[in-house]
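Given the structure is predicted, the values throughout are model-derived calculations rather than measurements.
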Amino acid sequence: MEGYQIPAHIGFIMDGNGRWAKKRGMPRNFGHTKGAEVFKKTINWCRELGVSCATFYAFSTENWKRPADEIEGIMNLLRRYIKDIRAAAKEDIRIIILGDIAPLAEDIRLELVDIMESTRSNTGFIVGIALNYGGRDEITRAARILARKAADGEIDAEQICEDSIERLLYTSEMPKLDMIIRPSGEQRLSNFLIWQAAYAEFVFMDVLWPDFDKNALVSAITAYSQRNRRFGGI
């Protein structure tokens, strides 16, 4: 996209899988399967367009409220796609998992930890996968760490600043977040990257996630490129 401002880091709220499946008379997990396929394609589209990092909202801290069979289906889907994640790593992609993975099944947790460690030195592209993730939970986690350090005398509480918090966020080794894309027609963050999104550009789209394609991504980047990002200045 010559002549366009390309965001370095895009966050994707993968929304609309269930509604997409319902419209077709299929179970919600069918929509999640289709959505996972779009996730893989979107990584390739981002790389082709010059984006250097993409973070995907896969499973939130609130998603545990969903029916047990749907949660089980999502976790089984994750097990299948771990193989694809490993294959992506061979293309010089670094994988960073955002969120508290401790409650996940042991086999999934061990695979994810291994993938993060084995791809740490990859520099071609960064993929963030938010699993059991919540923006408030992320900030609370950082606050607890700083509070413990202050109580132990390791740091001066008065010297805690924004950088102190940012260094403890899951995104600390990622580029700054430039844009969030949310398909499905909803217009809210749903607790996704709420600290990082302070000056991000939002693009809300009516397309459901399983129907999201390269043209939709190009349209979103075009909208981003046309905006004047002042970061509080004039």
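For K214, the NZ atom counts as densely surrounded, since its 6.0 Å shell holds more than 12 non-hydrogen atoms of other residues, nucleotides or ligands. No more than 12 heavy-atom neighbours from other residues, nucleotides or ligands sit within 6.0 angstrom of CD on E106. The number of heavy atoms from other shown groups lying within 6.0 Å of CZ (R24) is above 12. Heavy atoms of other residues, nucleotides or ligands lying less than 6.0 angstrom from CD of E62 number more than 12. In this structure, R120 places its CZ atom where more than 12 heavy-atom neighbours from other residues, nucleotides or ligands lie under 6.0 Å away.
Grouping the Ile, Leu, Val, Met, Phe, Trp and Tyr side chains by contacts below 4.5 angstrom, directly or via other members, places L217 with Y4. Linking ILVMFWY side-chain heavy atoms closer than 4.5 Å, directly or via other members, places L177 and I43 in two distinct hydrophobic clusters. Hydrophobic clustering, with ILVMFWY side chains joined whenever heavy atoms are under 4.5 angstrom apart, keeps I180 apart from Y199. I129 and V51 fall within the same hydrophobic cluster, where Ile, Leu, Val, Met, Phe, Trp and Tyr residues are linked whenever their side-chain heavy atoms come under 4.5 Å apart, directly or through other members.
In this structure, R109 contributes its side chain and L104 its backbone to a donor-acceptor pair below 3.5 Å. In this structure, the side chain of S219 does not engage the main chain of N215 through any donor-acceptor pair within 3.5 Å. Judged by distance alone, with hydrogens and angles left aside, the side-chain atoms of T119 form a donor-acceptor pair with the main-chain N or O of I115 at under 3.5 Å. Y133 places no side-chain N or O within donor-acceptor distance of the main-chain N or O of E138, the cut-off being under 3.5 Å. A donor-acceptor contact shorter than 3.5 Å is absent between the side chain of N29 and the backbone of H32. In this structure, T222 contributes its side chain and V218 its backbone to a donor-acceptor pair below 3.5 Å. Using modelled atom types, no side-chain atom of N122 and backbone atom of D92 make a donor-acceptor pair closer than 3.5 Å.
Contact of the V113 side chain with the I97 side chain is not registered, since no non-hydrogen atoms from C-beta on lie closer than 4.5 Å. For the pair M174 and L98, the minimum side-chain heavy-atom distance is below 4.5 Å. Side-chain contact between I96 and R94: present, with at least one pair of heavy atoms (C-beta onward) separated by less than 4.5 Å.
In this structure, the separation between CZ on F192 and OG on S60 is 11.0 Å, given to the nearest 0.5 Å. Atoms CZ and OG1, on R144 and T140 in that order, are 6.0 Å from each other to the nearest 0.5 Å. Of the inter-residue distances, the one linking I221 atom CD1 with W45 atom CH2 reads 11.5 Å to the nearest 0.5 angstrom. Atom-to-atom distance recorded for I108:CD1 and I101:CD1 is 10.0 Å, nearest 0.5 angstrom. Taking CZ of R79 as the reference point, atom CG of D107 lies at 4.0 Å (rounded to 0.5 Å). Rounded to the nearest 0.5 angstrom, I71 CD1 and R66 CZ are separated by 8.5 Å.
Residues passing the ring-ring contact (aromatic ring centres under 6.0 Å, His included) test with F39, sequence neighbours excluded: F56.
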Go through it in stages, so that I can follow the logic: the residues are K41 and E48, the test is salt bridge (Lys or Arg N to Asp or Glu O under 4.0 Å), and I'd like the CA-CA distance, side-chain angles, deciding distance and then a yes or no. CA-CA 11 Å; K41 293 176 182 178; E48 290 170 10; over 6 Å; no
After noting the C-alpha distance and the side-chain angles of W64 and N132, does the key distance pass the side-chain hydrogen bond (donor to acceptor under 3.5 Å, both in side chains) rule? CA-CA 8 Å; W64 294 108; N132 195 30; 2.7 Å; yes
Given the rule in the side-chain contact (heavy atoms from CB on, under 4.5 Å) test, do I181 and F212 qualify, once you have shown the distances and angles that lead to the verdict? CA-CA 11 Å; I181 298 174; F212 188 84; 4.0 Å; yes
Would Y81 and R86 count as a side-chain contact (heavy atoms from CB on, under 4.5 Å) here? Give the steps. CA-CA 9 Å; Y81 276 93; R86 285 195 178 279; over 6 Å; no
Where do I126 and I93 land on the side-chain contact (heavy atoms from CB on, under 4.5 Å) test, with the steps shown first? CA-CA 6 Å; I126 298 174; I93 292 177; over 6 Å; no
Stepwise side-chain contact (heavy atoms from CB on, under 4.5 Å) test for M75 and F59: CA-CA 10 Å; M75 294 303 161; F59 192 84; 4.1 Å; yes
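Nearest heavy-atom pair, N63 versus A58, reported as atom, atom and distance to 0.1 Å: OD1-O, 4.4 Å. Annotation for F125 and C53: closest pair CE1-N, 3.6 Å, computed over non-hydrogen atoms. The two residues T61 and G134 come nearest to each other via the heavy atoms CG2-N, 3.7 Å. In plain terms, the two heavy atoms of G31 and A21 that are nearest each other are N-CB, 3.6 Å. Across L189 and Y57, no two heavy atoms sit closer than the pair O-CE2, 4.3 Å.
Residues E173 and R167 are not paired through a salt bridge, judged by the lack of any N-O separation under 4.0 Å between the basic side chain and the carboxylate. Under 4.0 Å is where a charged nitrogen must lie from a carboxylate oxygen, and between E154 and R148 no such pair does.
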Show every donor-acceptor pair shorter than 3.5 Å between a side-chain atom in residues 203-211 and any protein atom, with sequence neighbours excluded, or say none if there are none.
unit_1: W209; atom_1: NE1; unit_2: G35; atom_2: O; d: 2.9
unit_1: D211; atom_1: OD1; unit_2: W20; atom_2: NE1; d: 3.1
unit_1: D211; atom_1: OD2; unit_2: W20; atom_2: NE1; d: 3.2

Listing, residues 5-15 side-chain donor-acceptor contacts under 3.5 Å, not counting sequence neighbours, or none:
unit_1: H9; atom_1: ND1; unit_2: P175; atom_2: O; d: 2.9
unit_1: H9; atom_1: NE2; unit_2: T55; atom_2: OG1; d: 2.8
unit_1: D15; atom_1: OD1; unit_2: R19; atom_2: NH2; d: 3.4
unit_1: D15; atom_1: OD2; unit_2: R19; atom_2: NH2; d: 3.2
unit_1: D15; atom_1: OD2; unit_2: R182; atom_2: NE; d: 3.3
unit_1: D15; atom_1: OD2; unit_2: R182; atom_2: NH2; d: 2.8
unit_1: D15; atom_1: OD2; unit_2: S184; atom_2: OG; d: 2.7

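Counted by atom type alone, R47 and N44 present zero donor-acceptor pairs between their side chains at under 3.5 Å. No side-chain N or O of E201 forms a donor-acceptor pair with one of Q226 less than 3.5 Å apart.
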